[in-house]
Amino acid sequence: METTMGGPLASSRRRVTMGDVDAAGILYFAAPYRWLEELLTGWWKATGHPLSEMLRSGSGCPSVASAARYSRPLTVDDEIALALYPSLIGRTSFAVTAVVTRIDDGAVAVEASSWHVWSSFGDPRSPGGIQARPLPDWLRTALAAAPLTDPAAPHRSPSPNELPGLRGTD
């Protein structure tokens with residue numbers, strides 16, 4: 001995994017494996033979320049804040065939402081480049097997006113985003129013992145060092161009336 005100043009938070013290259021695809025031989029929908037998690041936790045470790053340390057200290061940033069957009073198919077043995085970017089930096093929350101690009105043609109194949117809330121754990125006054133807290137300075141500064149990218153959002157589904165050959169009754 002690489003981290004660079006002024007570029008993505010983290011990046012890596014990989015090959016799509018059998019474990020990344022479904023029975024039809026195309027990318028399994030959940031695989032990009034695993035890649036995003038590997039990039040994010042690897043980036044934390046590279047910044048000197050591994051997830052294991054966060055959890056031992058009673059703080060961390062659980063994911064509260066996620067989205068993915070699948071723009072091009074990926075199949076076994078496709079070579080891909082992954083890059084992690086911040087998409088939102090708030091007071092107590094942030095979002096990151098993994099952009100997955102096919103190396104053979106440079107096309108963006110997948111974007112996967114996750115939204116997180118910095119939290120402390122073990123607060124008996126809060127539901128489930130979790131309490132939102134302001135982002136720590138190290139995290140805010142590190143996120144701000146990379147360019148923001150739009151988070152993944154599903155494409156709008158067309159209504160039946162917009163599809164050629166189909167006419168809805170509504």
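Below, each value reflects all heavy atoms present in this structure, side chains not excepted, and no hydrogens, waters or symmetry copies.
Listed by first then second residue, pairs satisfying ring pair (Phe, Tyr, Trp, His ring centres under 6.0 Å) with a partner in residues 85-111 read Phe94-His116, not counting sequence neighbours.
Put simply, the side chain of Thr75 reaches to within 4.5 Å of the side chain of Ile26, judged on heavy atoms. Looking at Pro151 and Leu88, their side chains never come closer than 4.5 Å, going by heavy atoms from C-beta outward. Looking only at side-chain heavy atoms (C-beta outward), Tyr33 and Ser114 stay at 4.5 Å or farther from each other. Proximity of Trp43 to Val96: side-chain heavy atoms (C-beta onward) are nowhere separated by under 4.5 Å. Contact of the Leu74 side chain with the Asp20 side chain is not registered, since no non-hydrogen atoms from C-beta on lie closer than 4.5 Å. Using a 4.5 Å heavy-atom cutoff, the side chains of Tyr70 and Val110 are in contact. In this structure, the side chains of Ser93 and Val117 come closer than 4.5 Å at one or more pairs of heavy atoms. Annotation: side chain of Phe29 is not in contact with side chain of Asp22 (no heavy-atom distance under 4.5 Å).
Of all the heavy atoms in Leu27 and Pro32, the pair that sits closest is CD2-CG, 3.7 Å. Closest approach of Gly19 to Arg34, counting heavy atoms only: O-NH2, 4.1 Å. Taking each heavy atom of Ala146 and Pro8 in turn, the nearest pair found is CB-C, 4.4 Å. In plain terms, the two heavy atoms of Ala152 and Trp115 that are nearest each other are O-CH2, 3.9 Å. Contact between Ser119 and Pro62 at its shortest, heavy atoms only, is OG-CD, 3.7 Å. Closest approach of Ser63 to Ala65, counting heavy atoms only: OG-O, 3.3 Å.
In terms of modelled atom types and a separation under 3.5 Å, the side chain of Arg69 and the main chain of Ser113 share no donor-acceptor contact. A donor-acceptor pair is defined here as one N or O able to donate and one able to accept, closer than 3.5 Å; such a pair exists between the side chain of Arg140 and the backbone of Arg91. Side-chain atoms of Ser87 come within 3.5 Å of backbone N or O of Thr149 as a donor-acceptor pair.
Atom OG1 of Thr97 is separated from atom CG of Leu36 by 7.5 Å, given to the nearest 0.5 angstrom. Considering CG of Leu39 and CG of Leu82, their distance stands at 5.5 Å, rounded to 0.5 Å. Note that the CG atom of Leu135 and the CD1 atom of Ile89 stand 8.5 Å from one another [nearest 0.5 Å]. Cys61 SG to Met54 CE: the interatomic distance, rounded to the nearest 0.5 Å, is 5.5 Å. The distance from the CD atom of Glu79 to the CZ atom of Arg14 is 10.5 Å, given to the nearest 0.5 Å. To the nearest 0.5 angstrom, Leu139 atom CG is 8.0 Å from Thr47 atom OG1.
Between Trp138 and His49, the two ring planes are parallel [angle under 30°; tilted spans 30° to 60°].
For Arg13, the CZ atom sits in a loose shell: 12 or fewer heavy atoms of surrounding residues, nucleotides or ligands are nearer than 6.0 Å.
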Would Lys45 and Leu51 count as a side-chain contact (heavy atoms from CB on, under 4.5 Å) if you check the C-alpha gap in whole Å, the side-chain angles of each, and the deciding distance to 0.1 Å? CA-CA 7 Å; Lys45 186 174 182 180; Leu51 179 58; over 6 Å; no
Would you please test Asp105 and Arg72 for salt bridge (Lys or Arg N to Asp or Glu O under 4.0 Å) and show each step? CA-CA 11 Å; Asp105 62 7; Arg72 303 264 191 296; 5.3 Å; no
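Residue Val16 is not grouped with residue Val108 when hydrophobic side chains (ILVMFWY) are merged at heavy-atom distances under 4.5 angstrom, including chains of intermediate members. Hydrophobic clustering of Ile, Leu, Val, Met, Phe, Trp and Tyr side chains at less than 4.5 Å, counting indirect connections, keeps Val99 apart from Ile80. The cluster map of Ile, Leu, Val, Met, Phe, Trp and Tyr, joined by side-chain heavy atoms under 4.5 Å apart, puts Leu55 and Leu40 in the same cluster. In this structure, Leu9 is a member of the same hydrophobic cluster as Trp118, with clusters built from ILVMFWY side-chain heavy atoms closer than 4.5 Å. Cluster annotation: Ile130 and Val64 are assigned to distinct hydrophobic clusters (Ile/Leu/Val/Met/Phe/Trp/Tyr, side-chain heavy-atom contacts under 4.5 Å, transitive).
Residues passing the salt bridge (Lys or Arg N to Asp or Glu O under 4.0 Å) test with Asp78, sequence neighbours excluded: none.
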